[in-house]
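A quick write-up on the structure given underneath.
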Amino acid sequence: MTLDGVLAGWEGEGTMISRDVESGAWIVIALHSTHLGPAGGGTRMREYADLAEAVVDAQRLATSMTYKFAVAGFPMGGGKAVLAVPRGLGVEARRDLLRRYGARVKSLRGAFFTGPDVGTSPADMDVVGETGAPYVFARTRSGGGCGGSSPPTARGVHEGIAATLRGLDGDASLDGRRIAVQGVGSVGQLLVKSLLEAGARVVASDASAAVREGLRGAGAVEVVGIEEIYDVPCDVFAPCAMGGVLNSETIPRLRCRAVAGAANNQLLEAVDGDRLRQRGILYAPDFVISAGGALYVVGIEALGWSEERAADAVRGIGDTLLDIYRRAADEEVSTERAARRLAESRLAQSPAPAA
Ligand code: PPY
C-alpha cells in the first residue's frame, strides 16, 4: 500500500512521522484515541521493508492499545511508537537515537506515554527517559521504574490460558495440558517457565535458530521448527512472537482447541476471528490476554497503585476473558467481536470512567 493510502485509511487521531537524520531511522508515533485519557503504548524498534510498513504496524498496534485499556476500564487511550531503524545500527548510534526519540515524546507534552515493546528494554527506557521523562514507563528499578512489563504480561497470559481452559471444559488446571508456544522472547520465555512449573507439557519454537538450539539443550520442552508449530496437536496454541500469524493459511492447519498468547495483533484481519470460531477454536482476544504489562505498569506508575492492586488487575484478565467468552456465546459472534463490542461500549461512555 502507498503511504498516502495508509495515512488516509486510518481512523485514529493522528500519525506523526519524523526522520532521524543522524541515524537514518524513522520515528513513527501513532495516536489512535485520547478519548479515555492520554495515549499509552510501547516503543517498538526493528527494521521494516519501508516506511509504509512501519506506519501500518504503529497504527495497528496503537488501535489495539485503545481496546486494551478500554476493556480493562483504565483512564488511558491508545498509542504506539515505532522506531524503524536501518540495518546494522551501532550501540552508540542506537543510544543517541533513543535520546532524540525521548525529546520527541516530551514535545508531545503528555499526550503520549511510552514504555518497552518488541526490540526495546527497560534499560532502553532509562535512556529514553533522560530526555522524555516523565512520559516514559517501565524503566529499570535502579532507573526509578517498575522494572519492565514482560513479567506481568507473562503472568496475565498464564492466567488467560488457565481461564481459557476453564472456558473449554470447566477445568483451569494446566497439569498435563499440552501448550504450543510460538516465540520464546522476553515474554515467551517467562511463560514457558511458568507453564512448566504448573505441570504443562510445552512444545516451543522460535524464529532464531540459536534460541531453538538453546531450548533443545535445556531439555525441558519439545522444540519444533518455525513452520511446524502451527501443526502441533495441543490444547492451546500460544502466539508470543509477531502479529498476523492467524490468517487464512494458518487457521486451517491448527490442531489446537484454543488460541491464547501474548503477541499483539495476532489476527491478520478481523474475519480471522470468525474463521477460528467456525473451526470451533476458542480465541482469547490478544488485546485482552496480553494486557498484563500495560495494566501493571500504568497501575503502578501512573495511577499510584500498590503492587498488590496491580497484581490483582493482572489476575483479573482471566475473569475478563471468561466474561467475553460468555458474551460471545450469548451474542453468537466471535470472541474478537464480543471483546471489541465491550471496548466500544466503554469508549462510548463519556467522560472516561475512573479506573
Ligand atoms: C502493550 O501492552 O503492548 C504495551 O505497549 C504496554 C505499554 C503500555 C503503556 C506504556 C508502556 C507499555
Side-chain angles (χ1 to χ4, degrees), residues 28-34 36-46 57-72 74-83 98 101-102 105 108 110-126 128-129 132-140 143-157 160 183 185-188 190-191 239-243 261-266 284-303 305 310 313-314 317 320 339 343 355:
V28 182
I29 302 177
L31 300 188
H32 178 255
S33 169
T34 53
L36 295 177
T43 299
R44 177 165 293 200
M45 187 191 287
R46 47 167 283 213
D57 207 22
Q59 291 177 334
R60 283 175 47 98
L61 291 161
T63 307
S64 175
M65 289 309 300
T66 299
Y67 284 102
K68 209 173 265 198
F69 286 123
V71 165
F74 269 46
M76 295 284 288
K80 205 87 173 193
V82 159
L83 303 180
L98 289 173
Y101 164 64
V105 170
L108 300 176
F112 177 61
F113 285 76
T114 198
D117 195 84
V118 173
T120 61
S121 65
D124 290 333
M125 292 306 118
D126 290 349
V128 178
Y135 310 115
V136 182
F137 290 178
R139 291 189 246 175
T140 62
C146 72
S149 55
S150 297
T153 303
R155 273 201 300 283
V157 173
S186 54
V187 174
L190 297 173
L191 180 65
C240 297
M242 284 302 170
N264 283 313
N265 298 341
Q266 293 171 30
D286 52 13
F287 57 85
V288 183
I289 190 170
S290 73
L295 304 192
Y296 187 86
V297 166
V298 170
I300 289 191
E301 297 191 15
L303 304 177
W305 288 2
V314 175
I317 287 172
T320 304

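Ligands are counted one by one from 1 in listed order, and the atoms in each one are counted from 1 as well.
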Who are the residue neighbours of ligand 1 when the rule is a heavy atom under 4.0 Å from any of its atoms?
Gly40, Gly41, Gly42, Met65, Lys68, Lys80, Thr114, Gly115, Asp117, Phe137, Asn264, Ala294

Residues which pass side-chain hydrogen bond (donor to acceptor under 3.5 Å, both in side chains) with Thr43, listed by chain and number, not counting sequence neighbours:
Tyr101, Thr114

So which heavy atom on [X] is nearest to which on [Y], and how close?
X      : Y      : answer
Gly115 : Met125 : C-SD, 3.5 Å
Ala262 : Thr153 : CB-CG2, 4.5 Å
Phe137 : Ala302 : CZ-CB, 3.8 Å

Going by the rule side chain to side chain contact (heavy atoms under 4.5 Å, CB included), which residues pair with Thr140 if we only count those two or more places apart in sequence or in a different chain?
Pro122, Ala123, Asp126, Ser142

Just to verify, what does Phe287 make a ring pair (Phe, Tyr, Trp, His ring centres under 6.0 Å) with, not counting sequence neighbours?
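Scan of Phe287 (ring pair (Phe, Tyr, Trp, His ring centres under 6.0 Å), adjacent residues dropped) gives Tyr67.
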
